[in-house]
Amino acid sequence: GAIQIPTVSFNPGEFNTTALAAFGEYIHKVFPTVFRTSFIQHEVVGEYSHLFTVQGSDPSLQPYMLLAHIDVVPAPDQGWEVPPFSGLERDGFIYGRGTLDNKNSVMAILQALELLLIRNYIPRRSFFIALGHDEEVSGAHGAQKISALLQARGVQLAFIVDEGSFILDGFIPSLKKPFAMVSVSEKGSLNLMLEVNKTPGHSSAPPKETSIGILAAAVSRLEQTPMPNMFGSGPLKMTLQQLANEFSFPANVIFNNLWLFWPIVSRLMEREDITNALVRTTTAVTMFNAGIKVNVIPPVAQATVNFRIHPAQTVQEVLKLAKDIVVDDRVQFHVLESFEPLPVSPFDDQALGYQLIRQTIQSVFPEINIVAPGTCIAQTDSRHYTNLTTGIYRFNPVYLQPQDFRSIHGINERISVQAYETQVKFIFEFIQNADTEQRPVSHLHEL
Ligand SMILES: CCCCCCCC/C=C\CCCCCCCC(=O)N[C@@H](CCCCN)C(=O)O
Ligand SMILES: [Zn+2]
Ligand SMILES: [Zn+2]
């Protein structure tokens with residue numbers, strides 16, 4: 001039902017408002033207990049986002065927050081095995097836009113809470129549930145407003161759990177077993193518009209270079225000159241060190257001795273697009289506009305480049321690097337939007353949020369040996385909540401293979417019924433585990 005409501009975000013400020021309103025009505029209908037429980041306050045923020053305040057019985061315990069978003073990116077029918085907003089089930093999988101990003105979390109959080117309430121559960125620790133409606137375009141109307149509202153109320157959170165990572169299966173070629181990656185940081189972004197202006201004229205007597213030619217060369221230089229490999233700074237080294245013993249010989253020796261073998265490993269990581277995204281700021285030319293008629297010299301050419309900034313770099317550093325690569329005064333640079341990478345959240349034995357996630361993974365997925373800290377290569381709504389907590393964890397309790405990753409924002413996005421049920425179970429247990437006063441004891445490299 002949730003997948004059938006096309007809550008598409010197109011551009012900042014441009015949403016399917018009819019669908020967003022319908023989604024609000026839908027959750028009221030399917031989770032009646034959540035909405036009628038006296039110790040749960042429901043508020044609509046920014047017209048279509050939802051904030052639930054679940055009042056726990058023990059005010060001495062610091063509250064936490066579960067995050068998810070109800071909007072999705074557009075999904076034209078082309079290439080889908082079943083229509084993207086049909087929500088059809090086929091061979092044990094629910095297909096549709098949002099099944100992994102991120103209506104699975106929206107529905108699993110509310111479904112787990114509904115089940116707990118039906119069993120007369122009253123939490124000890126208070127918690128919030130924030131469901132943003134514009135994560136896919138900025139979070140300016142949803143997450144940012146919720147964050148400001150909570151800040152005005154003086155709320156400080158023990159930690160936040162959002163989307164942004166999974167139980168990863170098959171992302172590192174020589175690693176046979178899946179592992180859980182909990183992202184403790186998140187890449188930043190820089191959207192840069194490159195522009196070249198030239199005097200228009202008749203195409204029968206063209207200049208040696210047009211605005212299109214100059215811009216194409218600049219864009220090509222950016223594509224051909226990757227940003228520096230930052231392997232060694234950021235959580236990736238720790239991820240690999242924790243995984244070291246899961247590799248067979250000789251990879252286990254290599255990963256156990258990164259001080260010696262890091263040059264080889266950093267090169268290996270560059271080979272695949274996804275692991276490459278973990279070692280550097282990536283450069284993606286995503287839009288190119290120029291020309292008005294076949295026989296007119298184009299006056300203006302514009303290209304948009306989307307950089308995803310490695311946690312060890314800043315927006316200013318990337319902007320300078322981009323200018324140094326292009327080195328052409330005829331190309332103007334316009335910063336459309338930027339966001340710094342997120343700080344690394346604590347993941348030591350004292351980090352309540354991280355340890356609760358680890359504990360719940362061990363209980364719900366006993367077959368998973370390794371829970372490792374990592375970096376989210378995309379952006380999430382959680383970046384708007386740094387004023388409320390230093391503990392931001394991005395993790396979806398769902399197995400993900402590389403082809404599933406490509407379905408996110410791509411075609412044939414799907415989740416198995418069993419995986420969705422397990423996600424509900426995970427949240428059901430997580431909420432109860434969070435009632436503990438003490439941090440669960442960490443067992444690194446268990447089993
Ligand atoms: C060593 C281990 C190898 C790890 C490989 C990492 C695999 C990546 C796994 C999961 C990443 C999935 C991220 C899903 C969250 C997607 C969130 C999203 O789409 N965000 C948008 C927000 C746009 C906001 C407007 N600027 C985005 O980032 O584009
Ligand atoms: Zn998402
Ligand atoms: Zn997304």
Side-chain angles (χ1 to χ4, degrees), residues 64-69 100-102 104-105 130 132 135-136 139 143 157-169 171-172 175 178-189 230-231 233-243 269 273-282 308-313 339-348 351-361 365 368 370-386 388-402 404-405 408-409 423 426-427 430 442 444:
Y64 66 98
M65 180 149 75
L66 303 175
L67 282 190
H69 63 91
L100 287 171
D101 179 17
N102 177 241
N104 55 319
S105 296
E135 187 274 349
E136 293 292 1
L157 299 167
F159 62 87
I160 285 176
V161 184
D162 194 5
E163 64 166 346
S165 192
F166 292 88
I167 298 175
L168 301 173
D169 184 9
F171 285 85
I172 305 180
L175 185 70
F179 72 102
M181 189 171 93
V182 179
S183 288
V184 293
S185 180
E186 176 174 313
K187 291 181 90 173
S189 75
M230 307 297 289
F231 182 81
S233 23
L236 178 62
K237 214 164 128 187
M238 288 168 295
T239 316
L240 296 176
Q241 276 163 347
Q242 289 209 20
L243 289 172
M269 299 293 291
D273 292 344
I274 296 174
T275 46
N276 180 50
L278 287 168
V279 299
R280 60 163 39 89
T281 295
T282 52
R308 299 295 179 127
I309 304 173
H310 188 277
Q313 286 180 318
F339 208 94
E340 296 289 355
L342 275 289
V344 176
S345 295
F347 54 91
D348 58 291
L352 177 67
Y354 190 84
Q355 293 304 334
L356 282 170
I357 294 171
R358 187 194 52 71
Q359 178 198 15
T360 314
I361 291 170
F365 301 95
I368 293 296
I370 303 290
V371 178
T375 302
C376 180
I377 59 173
Q379 291 184 299
T380 69
D381 259 354
S382 66
R383 67 197 162 112
H384 300 303
Y385 291 91
T386 48
L388 301 182
T389 183
T390 53
I392 299 183
Y393 305 101
R394 304 142 188 98
F395 177 69
N396 260 195
V398 173
Y399 277 82
L400 192 86
Q401 296 184 332
D404 306 319
F405 173 74
I408 298 175
H409 292 202
Q423 185 170 5
F426 182 95
I427 297 162
F430 184 89
S442 167
L444 294 177

Checklist line | Residues Phe171, Phe166; criterion side-chain contact (heavy atoms from CB on, under 4.5 Å); working and verdict | finding: CA-CA 11 Å; Phe171 285 85; Phe166 292 88; over 6 Å; no

Next item on the list: Go through Thr389 and Tyr64 one step at a time and tell me if the side-chain contact (heavy atoms from CB on, under 4.5 Å) criterion holds.
Entry: CA-CA 9 Å; Thr389 183; Tyr64 66 98; over 6 Å; no

Next item on the list: Show your reasoning for whether side-chain contact (heavy atoms from CB on, under 4.5 Å) applies to Asp273 and Phe405.
Entry: CA-CA 12 Å; Asp273 292 344; Phe405 173 74; over 6 Å; no

Note to self: One pair to check against side-chain contact (heavy atoms from CB on, under 4.5 Å): Arg394 and Leu342. What are the steps and the verdict?
What the structure shows: CA-CA 12 Å; Arg394 304 142 188 98; Leu342 275 289; 3.8 Å; yes

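How far CD1 of Ile361 is from CZ of Phe430: 9.5 Å, rounded to the nearest 0.5 Å. Rounding to the nearest 0.5 Å gives a distance of 11.5 Å between CD of Glu340 and OG1 of Thr386. Between atom CE of residue Met65 and atom CD1 of residue Ile392 there is a gap of 8.5 Å, rounded to the nearest 0.5 Å. Here the straight-line distance linking atom CZ of Arg358 with atom CG of Leu356 works out to 9.0 Å at 0.5 Å rounding. One finds the CD atom of Glu136 at 10.5 Å from the CD atom of Gln379 (value rounded to the nearest 0.5 Å). Atom CG of Asp162 is separated from atom CG of Asn102 by 7.0 Å, given to the nearest 0.5 angstrom.
Side chains of Asn104 and Gln423: a donor-acceptor N/O pair is present below 3.5 angstrom, by distance only. Side chains of Thr281 and Gln313: a donor-acceptor N/O pair is present below 3.5 angstrom, by distance only. In summary, the side chains of Thr282 and Asn276 do not present any donor paired with an acceptor at a separation below 3.5 Å, with no hydrogens or angles considered. When only modelled atom types and interatomic distance are considered, Gln401 and Asp169 share a side-chain donor-acceptor pair under 3.5 Å.
Just one of Thr375, Thr275, Val279 meets the side-chain contact (heavy atoms from CB on, under 4.5 Å) condition when paired with Leu236; it is Val279.
Side-chain contact between Asp101 and His69 is present, with heavy atoms from C-beta onward closer than 4.5 Å. Taking the side chain as every heavy atom from C-beta outward, Ile368 and Tyr399 approach each other to under 4.5 Å. With contacts defined as side-chain heavy-atom distances shorter than 4.5 Å, the pair Thr360/Phe395 does not qualify. At a threshold of 4.5 Å between non-hydrogen side-chain atoms, the residues Pro343 and Thr390 do not count as touching. You'll find the side chain of Phe365 reaches within 4.5 Å of the side chain of Phe426, heavy atoms only. At a threshold of 4.5 Å between non-hydrogen side-chain atoms, the residues Tyr393 and Cys376 do not count as touching. Within the 4.5 Å cutoff, no side-chain heavy atoms of Val182 are placed close to those of Phe347.
The heavy-atom pair separating Tyr385 from Ala130 by the smallest distance is OH-CB, 3.8 Å. Nearest heavy-atom pair, Thr239 versus Gly374, reported as atom, atom and distance to 0.1 Å: OG1-CA, 3.9 Å. Between Pro311 and Pro341 the shortest heavy-atom distance is CA-CB, 3.5 Å. Between Ala143 and His384, the shortest heavy-atom contact is CB-CD2, 3.8 Å. Summarising the geometry of Ser185 relative to Pro235, their closest heavy-atom pair is CB-CG, 4.3 Å, with the distance given to 0.1 Å. When all heavy atoms are compared, the tightest approach of Gly132 to Asp381 is CA-OD2, 3.9 Å.
Using modelled atom types, one side-chain atom of Ser165 and one backbone atom of Met181 make a donor-acceptor pair closer than 3.5 Å. For Glu163 (side chain) and Ser382 (main-chain N/O), no donor-acceptor pair under 3.5 Å exists by modelled atom type. Using a distance-only test at 3.5 Å, with no hydrogens or angles considered, a donor-acceptor pair links the side chain of Lys187 to the main chain of Arg280. A side-chain donor-acceptor contact under 3.5 Å links Glu186 to the backbone of Thr380. Without hydrogens or angle criteria, Ser189 side chain to Arg308 main chain gives no donor-acceptor distance under 3.5 Å.
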